[in-house]
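What you are looking at is a predicted structure, and each value in this text was computed from that prediction instead of being measured.
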Amino acid sequence: GVLRAERGEAAAMLDGRRRQEERAWRDMASQLETARAERDEAMVCLLEAKNKLEELMYAALDSDKKKVQSAGESAQEWWDDNSESASAADLQAKVAELEALMAKM
């Protein structure tokens, strides 16, 4: 009977460990899902900011006001240097800067 009891305990221990592992895997999977969703959202923000900045840049370059054109040119230079590495926040800041400038004109 002793052997059977020990075997039962060992099985219960293994079972408990397996459940813990499954729980850990589920936690990891859900963290991964969250990270993916956040990354996708960040990509969308990035693309929106890039599009907006591009639109503003072209509008500025087309403007007949010299100050707006030079703002467009400096944005173009900044874009050439940074558009690949810029974060959504960088781009949004640049958009806001250009919008403010153009609004004043």
To the nearest 0.5 Å, tell me how far [X] [atom1] sits from [Y] [atom2].
{"X": "Gln76", "Y": "Tyr58", "atom1": "CD", "atom2": "OH", "result": "5.5 Å"}
{"X": "Ser83", "Y": "Leu46", "atom1": "OG", "atom2": "CG", "result": "9.5 Å"}
{"X": "Gln92", "Y": "Leu53", "atom1": "CD", "atom2": "CG", "result": "10.5 Å"}
{"X": "Glu41", "Y": "Arg36", "atom1": "CD", "atom2": "CZ", "result": "15.5 Å"}
{"X": "Met102", "Y": "Lys65", "atom1": "CE", "atom2": "NZ", "result": "9.0 Å"}
{"X": "Trp78", "Y": "Asp90", "atom1": "CH2", "atom2": "CG", "result": "5.5 Å"}

Minimum heavy-atom distance between [X] and [Y], given as atom pair plus value:
{"X": "Ala88", "Y": "Ala42", "answer": "CB-O, 4.4 Å"}
{"X": "Leu56", "Y": "Leu98", "answer": "CB-CD1, 3.9 Å"}
{"X": "Leu101", "Y": "Ala71", "answer": "CD1-CB, 3.7 Å"}

### Task
Group every Ile, Leu, Val, Met, Phe, Trp and Tyr by side-chain heavy-atom contacts under 4.5 Å, then state whether Met43 and Leu91 land in the same group.
yes

### Query
Out of curiosity, does Leu61 fall in the hydrophobic cluster containing Val68 (side-chain heavy atoms, cut-off under 4.5 Å, transitive links)?
no

### Query
Taking the side chain as C-beta and beyond, is there a heavy-atom pair between Lys94 and Trp79 under 4.5 Å?
no

### Task
Side-chain contact test, heavy atoms from C-beta onward, threshold under 4.5 Å: evaluate it for Met57 versus Glu73 and give yes or no.
no

Would you tabulate the side-chain donor-acceptor contacts of residues 16-32 under 3.5 Å, counting partners in other chains and residues two or more places apart, or write 'none'?
from	atom 1	to	atom 2	distance (Å)
Arg18	NH2	Asp15	OD1	3.0
Arg19	NH1	Asp15	OD2	2.9
Ser30	OG	Asp27	O	3.2

